[in-house]
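Report on the following structure.
Naming: A, B, ... by sequence-line order, numbering from 1 per chain.
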Amino acid sequence: MNAQKRLAIFERLAKAIPNPTTELEYTTTFELLIAVILSAQATDKGVNIATRKLFKVANTPQAILDLGLEGLESYIKTIGLYHAKAQNVLKCCAQLLALHGGEVPDTREALEALAGVGRKTANVILNTAFGHPTIAVDTHLFRVGNRTKLATGKTVLEVEQRFLSTTPKQYLHDAHHLLILHGRYTCTARNPKCGECCIVDLCEFHDKQLQPVKPPAGN
DNA sequence: ATCCCGAGGG
DNA sequence: CCCTCTGGAT
């Protein structure tokens, strides 16, 4: 795909999505970190319902540790994978206190060393909390990248590297949220709304019988 | 490659 | 019913 077409796609997305930021509710970087950990394979809507109650009671590493495993689970039961997530969140909180004075670190290495934090979550924190031009490739970006051919690849890492190397500089920071919101509301996994899509005419996927784009399992 | 796992949508 | 949702750890 040539650079003009790429730029045109991002310009249209930016026009259609005036506020490209996360829909997770948070008031501190710590809250954002916990919300993003909980958001794995879950809808942000469901995460917000849980964290609204959780953060009201506990929104510091020590306060969450004080809840204990079953206490924390009681707040996040309605989210999928709750047992594994509760364990990870507790360990993550302990790590924050032991290694970072209770603060959220701002480097990829330190973030990925935290329990429950992998490359995708680290990319979200670096972008959303610290303003770094990272692109977190989740199920939405993987699908949208491959469908539009903005960034193709068999693995999320491949797709991330293509996005990073080809996205127009002025859209590097907002690309992640522009693409995720486009994927969530228009370029949906099932029954994509091509009829109301602002980039149909620029998209390879529209009106073609292509294989469904499924995200790879694991890494 | 497999497990974790609830809720909402179609 | 089946699919999907801002994945990560083993």
Length of the line joining [X]:[atom1] and [N]:[atom2], which is rounded to integer Å:
X        : N     : atom1 : atom2 : answer
A:Asn48  : B:dA7 : CG    : P     : 16 Å
A:Leu157 : C:dG7 : CG    : C1'   : 14 Å
A:Leu111 : C:dG7 : CG    : P     : 17 Å
A:Leu38  : C:dG8 : CG    : C1'   : 13 Å
A:Ile79  : C:dG8 : CD1   : P     : 15 Å
A:Gln95  : C:dG8 : CD    : C1'   : 13 Å
A:Leu81  : B:dC5 : CG    : P     : 7 Å
A:Glu73  : B:dC4 : CD    : P     : 14 Å

Integer angstrom distance from the [atom1] of [N] to that of [M]:
N     : M     : atom1 : answer
C:dC2 : B:dC5 : C1'   : 15 Å
C:dT4 : B:dC4 : C1'   : 16 Å
C:dG8 : B:dG8 : C1'   : 23 Å

Pull out every residue in residues 161-189 of chain A that has a heavy atom closer than 4.0 Å to any atom of DNA chain C, ordered by number, or say none. A:His176, A:His177, A:Ile180, A:Arg184, A:Ala189
Consider the side chain of [X], meaning its heavy atoms from C-beta on, and name the nucleotide among [options] that approaches it most closely.
X        : options              : answer
A:Thr78  : C:dT6, B:dA7, B:dC5  : B:dA7
A:Asn191 : B:dG9, B:dG10, C:dC5 : B:dG10
A:Arg190 : C:dT6, C:dG7, B:dG9  : B:dG9
A:Thr43  : B:dG6, C:dC5, C:dG7  : C:dC5

Please check this pair: side chain of A:Asn48 against backbone of A:Glu25, looking for a donor-acceptor N/O pair closer than 3.5 Å. yes
Any donor-acceptor N/O pair, A:Arg12 side chain to A:Cys198 backbone, under 3.5 Å: yes
Quick one: is [N] close enough that its OP1 or OP2 comes under 4.0 Å of any side-chain N or O from [X]?
X        : N     : answer
A:Thr139 : C:dT6 : no
A:Arg143 : C:dT6 : no
A:His140 : C:dC5 : yes
A:Gln41  : C:dC5 : no
A:Thr22  : C:dT6 : no

Contacts of A:Lys91 and A:Ala42 projected onto DNA chain C by closest heavy atom; the upstream (5') one is A:Ala42
Assign each of A:Ser39 and A:Ala115 the nucleotide of DNA chain C bearing its closest heavy atom; nearer the 5' end lies the nucleotide of A:Ser39
What contact category does [X] fall into here, base, sugar-phosphate, or nothing, at under 4.0 angstrom with non-hydrogen atoms?
X        : result
A:Gly116 : sugar-phosphate
A:Val117 : sugar-phosphate
A:Lys77  : sugar-phosphate

In sequence, state the C-alpha distance, the side-chain angles, and the governing distance for A:Thr27 and A:Phe55, and then conclude on side chain to side chain contact (heavy atoms under 4.5 Å, CB included). CA-CA 9 Å; A:Thr27 62; A:Phe55 293 157; over 6 Å; no
Testing the basics here: between A:Ala50 and A:Tyr75, what is the closest heavy-atom pair and its distance to 0.1 Å? CB-O, 3.4 Å
Between A:His83 and A:Leu69 the two heavy atoms that sit nearest each other are CE1-CD2, 3.9 Å
What pairs with A:Lys15 under salt bridge (charged side-chain N to carboxylate O under 4.0 Å, His left out), at least two apart in sequence or on another chain? none
Look up atom CD1 in A:Ile17 and atom OG1 in A:Thr186, then write down how far apart they are to the nearest 0.5 Å. 7.0 Å
Quick one: pull up NE2 in A:His100 and CG in A:Asp106 and give me the separation to the nearest 0.5 Å. 10.0 Å
Upstream residue (5' side of DNA chain B) when A:Lys193 and A:Ala84 are each assigned their closest nucleotide: A:Ala84
In terms of hydrophobic clustering (I, L, V, M, F, W, Y; side-chain heavy atoms under 4.5 Å; direct or indirect links), are A:Ile76 and A:Leu114 co-clustered? yes
